[in-house]
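Here the structure is laid out as structure tokens; the discussion comes afterwards.
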Amino acid sequence: MEFNTIKEVEAAIRRAFEVDRILPAVRPGNSGSLLGKMIIIPDMERSLEDLIEDSEKDRHNLTREDLELWRVVMSEWLPSLRGVEREVVKCRCSGMGWKRTARRLVQKKLADRELDRTTLWRKFKSGLEDILLKLTAF
């Protein structure tokens with residue numbers, strides 16, 4: 001894995017968050033309703049869109065590279081950032097908009113007011129540049 005630009009770093013972090021959504025939850029499973037588990041709709045009666053969506057979300061489609069990228073991003077790259085930059089990079093790469101990101105920073109008490117979109121964008125780019133700088137330093 002070699003990253004030379006900020007766009008490549010951002011794409012890698014976005015992919016890591018996609019993998020994170022596919023992986024099973026860390027918490028214990030909910031017993032849920034057994035009736036829902038007993039009802040099986042044959043694939044012939046399901047729409048093509050449903051079948052494609054199920055195959056995309058299947059965790060058996062993940063490669064070793066995906067899992068390694070997820071491990072590196074979640075355990076090395078993101079912990080190296082601090083405070084607001086870390087949260088902004090996490091929020092933006094997981095698909096949140098600027099307004100929700102600003103509100104989340106206030107809720108987590110990382111900011112005393114909702115920051116402007118341009119300020120958040122600067123924090124986001126600064127966080128990605130820090131990660132890229134650490135990657136190229138080695």
Side-chain angles (χ1 to χ4, degrees):
M1 293 184 294
E2 192 164 318
F3 303 97
N4 299 320
T5 65
I6 292 176
K7 290 289 185 189
E8 291 174 353
V9 171
E10 181 181 353
I13 296 173
R14 286 185 187 274
R15 179 61 186 153
F17 276 103
E18 289 173 11
V19 170
D20 192 53
R21 281 190 287 275
I22 293 172
L23 291 174
V26 178
R27 61 178 161 53
N30 186 3
S31 60
S33 170
L34 296 177
L35 182 62
K37 294 179 183 175
M38 293 171 40
I39 298 173
I40 299 173
I41 300 172
D43 287 343
M44 298 300 291
E45 296 177 12
R46 297 176 66 204
S47 70
L48 186 59
E49 291 83 16
D50 288 342
L51 294 173
I52 292 171
E53 183 179 343
D54 286 349
S55 69
E56 288 174 353
K57 292 183 177 180
D58 188 12
R59 72 172 183 251
H60 299 293
N61 291 338
L62 295 177
T63 63
R64 289 184 188 267
E65 291 82 21
D66 288 336
L67 294 174
E68 179 63 20
L69 177 67
W70 174 80
R71 185 195 64 77
V72 168
V73 168
M74 297 300 176
S75 64
E76 295 175 14
W77 294 6
L78 290 179
S80 70
L81 298 176
R82 295 286 177 233
V84 175
E85 286 181 357
R86 178 181 183 178
E87 196 63 31
V88 170
V89 169
K90 282 173 54 176
C91 290
R92 285 302 293 170
C93 288
S94 64
M96 263 189 213
W98 294 114
K99 193 175 283 190
R100 279 185 61 198
T101 302
R103 289 185 182 146
R104 185 175 175 124
L105 291 174
V106 173
Q107 288 173 350
K108 289 195 162 208
K109 296 185 178 18
L110 293 171
D112 56 346
R113 60 181 172 82
E114 288 187 13
L115 299 175
D116 190 41
R117 181 177 44 174
T118 55
T119 305
L120 292 173
W121 182 79
R122 280 195 307 269
K123 298 282 187 192
F124 178 64
K125 290 298 178 185
S126 174
L128 293 178
E129 287 171 356
D130 288 348
I131 291 172
L132 184 62
L133 185 65
K134 289 173 184 168
L135 290 175
T136 57
F138 293 110

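Position 1 is the first residue of the sequence; numbering continues from there.
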- Message: Please tell me whether Met96 and Leu81 are part of a single hydrophobic cluster in this structure, the criterion being side-chain heavy atoms less than 4.5 Å apart.
- Response: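 Met96 and Leu81: separate clusters.
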- Query: Under 4.5 Å between side-chain heavy atoms, hopping through other hydrophobics if needed: is there a path connecting Ile22 to Leu78?
  - Reply: yes
- Decide if atom CZ of Arg100 counts as having more than 12 heavy atoms of other residues, nucleotides or ligands within a radius under 6.0 Å.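 Counting other residues, nucleotides and ligands, CZ of Arg100 stays at 12 neighbours or fewer.
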- Do side-chain atoms of Lys108 reach the backbone of Glu87 as a donor and acceptor pair under 3.5 angstrom? no
- Answer yes or no: is there a side-chain heavy-atom contact under 4.5 Å between Leu62 and Leu23?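 With C-beta onward as the side chain, the pair touches.
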Would you give the length of the straight line joining atom [atom1] of [X] to atom [atom2] of [Y], rounded to the nearest 0.5 angstrom?
{"X": "Arg82", "Y": "Asp130", "atom1": "CZ", "atom2": "CG", "value": "11.5 Å"}
{"X": "Arg92", "Y": "Ile13", "atom1": "CZ", "atom2": "CD1", "value": "13.0 Å"}
{"X": "Leu48", "Y": "Glu53", "atom1": "CG", "atom2": "CD", "value": "11.5 Å"}
{"X": "Phe124", "Y": "Cys93", "atom1": "CZ", "atom2": "SG", "value": "4.0 Å"}

Run the side chain to side chain contact (heavy atoms under 4.5 Å, CB included) test against [X] and tell me which residues pass, sequence neighbours left out.
{"X": "Ile6", "answer": "Lys125, Leu128, Glu129, Leu132"}
{"X": "Arg21", "answer": "Phe17, Glu18, Ser94"}
{"X": "Ser47", "answer": "Glu49, Asp50"}

Test of understanding: with side chain to side chain donor-acceptor pair (under 3.5 Å), list the residues that count as partners of [X], not counting sequence neighbours.
{"X": "Thr63", "result": "Glu65, Asp66"}
{"X": "Trp70", "result": "Asp20"}
{"X": "Ser126", "result": "Glu85"}

For residues [X] and [Y], report the shortest heavy-atom separation together with the two atoms involved.
{"X": "Ser75", "Y": "Pro79", "result": "O-CG, 3.5 Å"}
{"X": "Leu69", "Y": "Phe3", "result": "CD1-CZ, 4.2 Å"}
{"X": "Gly127", "Y": "Val89", "result": "CA-CG2, 4.2 Å"}
{"X": "Glu8", "Y": "Asn4", "result": "OE1-N, 2.7 Å"}

Sequence neighbours left out, what passes salt bridge (Lys or Arg N to Asp or Glu O under 4.0 Å) with [X]? Give chain and number order.
{"X": "Lys99", "result": "none"}
{"X": "Glu10", "result": "Arg14"}
{"X": "Arg86", "result": "none"}

Check: residues 112-123 side-chain donor-acceptor pairs under 3.5 Å, at least two apart:
{"residue": "Glu114", "atom": "OE2", "partner": "Arg103", "partner atom": "NE", "Å": "3.4"}
{"residue": "Asp116", "atom": "OD2", "partner": "Thr118", "partner atom": "OG1", "Å": "2.8"}

